[in-house]
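Handing you this structure, nothing more for now.
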Amino acid sequence: MHGGRERDGVFINADAIHAYEFTIARTKDKASKDGEKLATLVKQLGQRSGNIFKSRTGWFVTREEPTADQRTAIEGISEKFGERVHAISISTLHHRICNSEQYLNARKNAPFGSVSIEDASAKQLSVPVRLLSAGNVNFSLKDIDDATRDGQRALVIGDYGVGKSHTLRELHREKQRSHFRSSKLTPFPVHINLRDCAGLKTPAEILRRHAGEIGFDDPDGLISAWRAGACCLLLDGFDEIVPARWFGSVADLKSVRWEALSPVRRLVQETPRSSGIVVAGRSHYFSSPAEMTEALGFKNYEIYRIPDFNEEQLAIYLKQAGVHWTIPEWVPMRPLLLGYLVASGSETASDITASVDRATGWNRFIGSICEREASMFSAVRPETIRRLISRVATLARSRTDVTGPFDMDLLRSAFVDVNGLQPDEEGMQLLLRLPGLAQDPGGKADSRVFVDRDLAETAYGLDLADFALNPYDDVHPMSSVASWANAAGDLGIEIAALSLTTKGAGRAIALAALSARTNSDHFDAVTADLLRLVVSVSEGKEATKHSYHISGVYFEDMTLVDSTLLAAAQFHECVFGRLDIEMIDEHSQVPHFDSCLIDFLDGAAVTPGWLEKRMSGCEIARYSDAAMTTSGIMHLSNDRDSRIALSILKKVYGQRGSGRKEGALSRGLQLADREEVPRIIAEMTSQGWIARTGTGSNVVYIGVKSRRPAALQALAAPSEFKL
């Protein structure tokens, strides 16, 4: 209130006076009335002591652009009172705060998360983006745009390579179109790669860093626009500023994540309620949805999940790419990998997708791209390229994540390890275009990453097999104490076992390498990988008089099997992201766990008594839902055949592409139920639920891609399933 009259806004600082009147009216009379209020107000304020030398301006602000009559009326009042009074639209006012058009032009030329990797490896194809709500209801980008335009907060989660960055980039484009279609009346999108924000403390620091990364020269204006509610935040990769591995207790882990996300949490909490926010990342980095939302500072939000491609999306993708090959079960239906397959050529892709099991498929994948690359050089053999990629995968583990990033110095080191000499001109060209790699979107020009995590695991598995064949190679980085804590994933071990078998080596070779390692008192990640490799090639039947110690190793995902060798092993102060015990029971031989941290114990709702006896001072953060364990499934009211079939579906489809031996499919069942498993397997194979691969004692049952949706639906509603 001023002079007995209501004013919409008055701001006085050390240099200037600004007064505002806002209206949605389109009449000349409204402009005349408000214009006189503004002119009188700024004149009176300017005559006060202390304000004499300050500039003063009145702003008549309309929702749409002012009419010609309104502009004329305001100009007349400005001339009559001798005061500066302007007629502008709300979009022009926002433009004065921050030039959204200039920002958006700068933003489109910078990376959107990992999308630049996708761009480097495949064509840009316009496959419709699909998001699912908590109730599995389909949502489109326009739905999300409309909801967040009104201030809704949204979490977008999905697995690695499923297209989270692509989705946020497309949402950014949708919001950009809405912004311009509405004559800039709707908030403009501000897309931030959170991986660039590690170590920052405040929202202002995040926005300044972002402006610097994309080359926008008005960071203060961007901060003001955010404070004013003139923009919608799209924050990509909340999991990328949280350490990928940790040591300590469960409480320590939560504290690390809480502290790492502090600036993001403040950014969310201090954003005006009228402004929408979308944050994307991998939810499995948190112990629970509650921790995720609390760490991000979210309230009154919706969660949307990006699933793998469905059959319709896959058909559109392949049609646009101009290819006609069938996708086997082991290939993730993820744009990142599919894009690389498309870019590798139809002949290569057809050869790769002819594989049934994932180890054979990935081995063939990396072999095919090495052959293709070797054809472009005069004196480089495919095996040399394969060994080079494998060595890069090993050395990359000593940096950060198993996929990188890493620089040219690491690539040169790998080249010297493999070839025994520095790279020449052709060697440098090979390093610069090494297949399976792409430029790191958030790094320097010469920084590289693997385009897919499974590809990096495959390459490492091949190098592990090479080391097992010659454990006394002093040049090999595995010959000394490992400078990394990350153990290989199940795929890496499968690849190493396949490689040894293909080369005619087996249990004796792998066991000799393990013995050489333990005799050197190395208890690290390489020893852990060799231990699991011996178990894999010997099918758990190995005899041993030794004990094996593994200390301080991080296992992102490990499946326990019945093994005399594992029973002789002790894991001390190790960390397990996911420990799968579906394949073992009280009759199995299992290792001892001492002071270990297990983030997720898969296959049990509580720690089984027989496993608890093998644990000492361990902490377990999460367990499986009781209804989804083998025991829980067998207590359903379904008929016995259907219950056994459900337990098999869970084991086979629990992890894409991983096969299960027949003996493992009986684990967790009562003796009477186990006797029925061969008959149920035969029936499920006949109905197309599972497929048999391998011969002799190496028979493995795998999932069928076309039946995956139905299998997952059966597991989601088990009481309705009938074999």
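Since the model is a prediction, treat every value here as computed from it, not as a measurement. In what follows, every heavy atom counts, from backbone to side chain, and hydrogens, waters and symmetry copies are set aside.
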Q | Residues which pass side chain to side chain donor-acceptor pair (under 3.5 Å) with S390, listed by chain and number, not counting sequence neighbours | A |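 Once residues adjacent in sequence are excluded, the partners of S390 under the side chain to side chain donor-acceptor pair (under 3.5 Å) criterion are R386.
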Q: Could you check if a side-chain atom of L514 sits within less than 4.5 angstrom of a side-chain atom of T527, using non-hydrogen atoms only?
A: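 Touching, per the 4.5 Å side-chain cut-off.
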(Q) I'd like to know if the side chain of E457 reaches the main chain of G489, judged simply by a donor and an acceptor atom lying under 3.5 Å from each other, with no hydrogens or angles considered. (A)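 Here the side-chain-to-backbone pair exists.
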Q) Any donor-acceptor pair under 3.5 Å linking the side chain of S398 with the backbone of S483? A)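 No; zero donor-acceptor contacts below 3.5 Å.
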**Q.** All side chain to side chain donor-acceptor pair (under 3.5 Å) counterparts of S647, not counting sequence neighbours
**A.**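 Expected list: none.
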Q. Heavy atoms, side chains only, cut-off 4.5 Å: are I509 and V537 in contact?
A.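 Counting from C-beta outward, I509 and V537 never come under 4.5 Å.
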Q: Please check if the side chain of S563 supplies one atom and the backbone of L565 the other of a donor-acceptor pair under 3.5 Å.
A: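 Flag set: sc S563 to bb L565 pair under 3.5 Å.
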Q: Report yes if some heavy atom in the side chain of F523 is under 4.5 Å from a heavy atom in the side chain of V553; otherwise report no.
A: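 F523 does not reach V553 side chain to side chain.
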(Q) Is it the case that the side chain of D524 and the backbone of V481 share a donor-acceptor pair, with hydrogens and angles ignored and the cut-off at 3.5 Å? (A)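 Not at all, since once roles are kept as given, no pair shorter than 3.5 Å links the two residues.
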Q) Has the side chain of S479 got a donor or acceptor atom that lies under 3.5 Å from a matching backbone atom of V475? A)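 No, the answer is negative, given that no donor and acceptor are paired below the 3.5 Å cut-off.
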**Q.** Set of residues satisfying ring-ring contact (aromatic ring centres under 6.0 Å, His included) with respect to F571, sequence neighbours excluded
**A.**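 Partners of F571 under the ring-ring contact (aromatic ring centres under 6.0 Å, His included) test: F555, F576, F593.
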Q: Specify the closest pair of heavy atoms between R614 and V590, including all atoms of both residues, with the distance to one decimal.
A: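 The answer is NH2-O, 3.0 Å.
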Q.
Test: salt bridge (Lys or Arg N to Asp or Glu O under 4.0 Å). Region: residues 412-422. Which pairs qualify, not counting sequence neighbours?
A.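 Every salt bridge (Lys or Arg N to Asp or Glu O under 4.0 Å) pair that includes a residue of residues 412-422, provided the two are not neighbours, is R391-D417, D409-R412.
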(Q) Determine whether a donor-acceptor pair (N or O, by modelled atom type, separation under 3.5 Å) exists between the side chain of D580 and the backbone of M558. (A)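 No, D580 side chain to M558 backbone: no donor-acceptor pair under 3.5 Å.
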Q: Check for a donor-acceptor pair, side chain of R397 on one end and backbone N or O of N486 on the other, with a separation under 3.5 Å.
A: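 It does hold such a pair.
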**Q.** Heavy-atom donor-acceptor pair, T685 side chain to I681 backbone, under 3.5 Å
**A.**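 Yes, because the side chain of T685 sits within donor-acceptor range (under 3.5 Å) of the backbone of I681.
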Q. Is it true that the NZ or CZ of R622 lies under 6.0 Å from the centre of F600's six-membered ring and within 45 degrees of the ring axis?
A.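 Judged by the rule (NZ or CZ under 6.0 Å from the ring centre, within 45° of its axis), R622 counts as positioned above F600.
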Q.
Restricting to non-hydrogen atoms, name the atom on L500 and the atom on A465 that form the minimum distance, rounded to 0.1 Å.
A.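 What the structure gives for the nearest pair is CD2-O, 3.7 Å.
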Q | Contacts of type side chain to side chain donor-acceptor pair (under 3.5 Å), residue H549, not counting sequence neighbours | A |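 So H549 forms a side chain to side chain donor-acceptor pair (under 3.5 Å) with Q570.
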Q: Determine, for D602 against K650, whether the closest basic-nitrogen to carboxylate-oxygen distance falls under 4.0 angstrom.
A: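 A salt bridge is present here (some side-chain N lies under 4.0 Å from a carboxylate O).
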Q) Will you find, in the side chains of D463 and H476, an N or O donor that is under 3.5 Å from an N or O acceptor? A)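 Result is yes, a qualifying pair exists.
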Q | R674 bridged to D585 by N-O distance under 4.0 Å | A |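 Salt bridge: yes.
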Q: State, with a plain yes or no, whether a side-chain heavy atom of L395 is found less than 4.5 Å away from one of F406.
A: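 No. Closest side-chain heavy atoms not under 4.5 Å.
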**Q.** Residues forming a ring-ring contact (aromatic ring centres under 6.0 Å, His included) with H572, sequence neighbours excluded
**A.**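 With sequence neighbours excluded, H572 shows a ring-ring contact (aromatic ring centres under 6.0 Å, His included) to no residue whatsoever.
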